[in-house]
Amino acid sequence: MLNIQNLWRKRESIIVTWLVSYSAVLFVPIVISLVIYAQASHALKSEIHRANDSLLKQMRYTIDNQIDLMKRLNMEMTWSPNLQHLMYSSMPAQEVPYTAYQLVNEFRLFKTSYASIDEFYVVSRRDGSVYRSGNIRDLKSAFYTIHQTGALTFEQWKSEVLNGTSNSFIVLPHANAADEHTAIAYITQLPKDMNGQSTGSVVVMSDTRRFQEAVEGISGFSGATLLILNHNNEILMSNHPDSEELAPFLNGKRIQTDSAQAGSSELFSINSSVSDLKYALIIPSGIYWEKAEYVRNFTYVSILVSLAGAGVLTWFFMRRNYSPVQQLVESLKDENTDRSYADANEFRFIQKVVARTRTENDEISMQLQKHQQVLRSNMINRLLKGKPDTLVPYEEAFRSFQMKQVSTEFAVILFVIENEDKLYEFLPGIDMNERSKLIHLIISNVVEELAEKQGHAGYVVETDDMMACLVNLKADTSGWEHDLHDIAAEAQRFLERYDMELTISLSGRHASWIGISEAYREAVDAMEYKMVLGKKGIIAYEDIRADSTADIGYGYYYPLQIEQQLINVIKAGDPDEAASCMNEIIEKNLDKPVMPLTLARCLMFNLVGTMIKAINELGEGSGGITLADNPRWIDDIMACGTLREMQEKLQSLLQEVCAYASAKRSSHVSREREDTLRNLIEEVHQYIQANYMDMNLNVNAIGEHFQLKGSYLSKLYKTQTGEGILDSIHKYRIEQAKRLMRTKPESVSEISRQIGYNDPATFIRVFKKYEGITPGKYREII
């Protein structure tokens, strides 16, 4: 029988835990009610947010349409051919009024096409003119005509238009606007001319009444405070500029859009999808909780009602479930068990007894396995290094380590991981030592399994920063070289899946335990030859073995005259010829069967010396390229692991040195060439204007006239002017066609022949490409 005194004595027992747990049932109704209340409040708030977001999106769509029209008109004005011709071409002074007349007439078309745009004009910094739809004014006349409302001085307007930020929205006064006399203006600075001077700006304006009328026409707009903000969060327009809800969000002239609530108001904002503007709504906060009061009161009542139920079940279930646990604890106690420990928490006591037993068994098993692995690796390493223990019977040792011995013939395969540091990046959060063990474990499992698949026995250990596989070859096999190569090739292919890049070397076949060290030495010698043969390959000792006298009298190809020739080519600044010369030297040496390592290193040192000579000769004088300024050039070359890597580094350095030499030579002739090109381009301009009526006028004909290849002349022309010769021919012909259509009644076909087009269809297609409309349409609007 449980009572209160027993509960206090067993305050750490599971019975107390259960009492607390069952008592928690009383709080479930409270938690549920609070959750329901929170979800209901969240749902109400979400619905309000959704409605406001929908209203904001409608506002954005409505206002963005007008903003998009302003930007589109601004772009069309900026890239108008007449405006470009007027601002950037070096036309005779007598042609300027005519081009300006064409421009303002073109603006009349824009006025018709963009009826919702209230004002637009171009300000020319060069002559102080303002080009509007149908007229041209000087700066002061234009200011007094368009902006004279008393809100802005002439100097302020001039500074905003000509010196303001490009592609920006500002508020400008508009004399013809509604009561507020204000408009939102989009200003773009025109590109600079060839001398880097500013040419002017394009201004497009829409009255604020258009934005207000558009927003007020949206369904659901309840008279909240609407704001249009620029990229600095400054107010461009507000439908209630004196609203009380606006004041808490103001910081000087800016609106703090990062504050969702201030005072008794809520702020919602959204970015424009076509510009850097923002749209914001400010509404009173009280609207949120108007419908939530009922939900909150209902929640409080439900909590009080729920607390009146459920306390009776706690004590009943606690007494019923404790008896089996108490019997289990009694069965696990022994004479070594601390009584107070057993009487604490029963479940914890059971868990610790079971965990202690399992841990003891696992520790014993782990220690045995670790000792066996260490002893096995130590034994194989002693055999590889030629330090066998004469007191150890290796046949018996192999059996004790569960290593199968299939014969007395052995070979060694060495593995070097070329990208070990990169592999560690793929294993974040793992200790460096554990990463290395994991990689070596993968290689060991793969290689040993492949050796067994070929009928041999393989055992992998780590030695001298490499992985060595001692292969016990099967007896009476004649294809052991092929088997070793298959094991190495298959291991390479398989481990590529784990992004491992391996260089593998193979030893010869040796008998007895003593021969293992000789096989290891051969594999190490073969691995050294990766400097000549390259990384990520399979190198067999049998392929590189040579008699000790084979290298006597053997040199490499690099005579003094070839070295001097390479230096001269470098100094001439010809990178292709220099690269070809160096590659020829290297390939002539590396094409031999197997180049000895000593001679290979000597060859690369000699090539490095040649580069030093060339650099020193080029570096003479001020501003030269010297080794002192680039100390890591030679260090990077000498740190390469293979001849191919050294060759790539030398080629990179060769390109840089040749580029420097070429720059020194070309700097003397570049100025004279530039003057000649300008004169040539001007002559081409004059030739086009004189022969535009010739139907055979084309790039090749112009090239023949100037005794140049057409494609080459076109490339020079485009480099200097930014457009091709054919484009210039078409544009000049179209200008002449427009002149004829304004002054003469001839048909389109007759006009096309007069300006050099044999086919009227071609003329119509070209006219529409450059003017945007057909000749017939153009004739209707002039």
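A quick note: this is a predicted structure, and the numbers were derived from the prediction, not measured. Nothing fancy with the numbering, it's 1 onward along the sequence.
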With a sphere of 6.0 Å drawn around [atom1] of [X], does it hold more than 12 non-hydrogen atoms of other residues, nucleotides or ligands?
X	atom1	value
Y101	OH	no
Y770	OH	yes
Q707	CD	no
K111	NZ	yes

**Study point:** F154 six-ring centre to K140 NZ/CZ under 6.0 Å and within 45° of normal
**Key:**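 That pair qualifies as a cation-pi contact.
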
**Study point:** Donor-acceptor pair between S198 and Q189 side chains, under 3.5 angstrom
**Key:**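 Looking only at side-chain atoms, Q189 and S198 do not form any donor-acceptor pair under 3.5 Å.
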
Review point. Would you call E750 and R753 a salt bridge, using N to O less than 4.0 angstrom?
Key: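 Judged by the 4.0 Å cut-off on N to carboxylate O distance, E750 and R753 do form a salt bridge.
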
Review point. Do D207 and R209 sit within salt-bridge range, that is, some charged N less than 4.0 Å from a carboxylate O?
Key: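 The answer is yes: the pair qualifies as a salt bridge.
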
Under 3.5 Å donor-acceptor, [X] side chain and [Y] backbone:
X	Y	value
T774	K768	no
T199	D193	no
R60	S273	no
Q66	F211	no

Check your understanding: How far apart are the closest heavy atoms of T145 and S141, and which atoms are they?
Key ->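 Heavy atoms only, the tightest pair is OG1-O, 2.7 Å.
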
Practice item. Locate the shortest heavy-atom distance separating I170 from E160; write the atom from each residue and the value. Key: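 Taking I170 first and E160 second, the nearest heavy atoms are CD1-OE1, 3.7 Å.
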
Check your understanding: For the ring pair F767 and Y778, is the centre-to-centre distance below 6.0 Å?
Key ->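 F767 vs Y778: aromatic centres under 6.0 Å.
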
**Study point:** Plane angle bin for W157 and Y121 - parallel if under 30°, tilted between 30 and 60°, otherwise perpendicular
**Key:**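 The rings of Y121 and W157 sit tilted, inter-plane angle from 30° to 60°.
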
Exercise for review: Could you tell me how the ring of Y757 sits relative to the ring of F763: parallel (under 30°), tilted (30 to 60°) or perpendicular (over 60°)?
Suggested key: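 Ring orientation of Y757 relative to F763: tilted.
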
Review point. With side chains defined as the heavy atoms from C-beta onward, is the minimum distance between L190 and Y88 less than 4.5 Å?
Key: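 Heavy-atom side-chain distance check passes, below 4.5 Å.
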
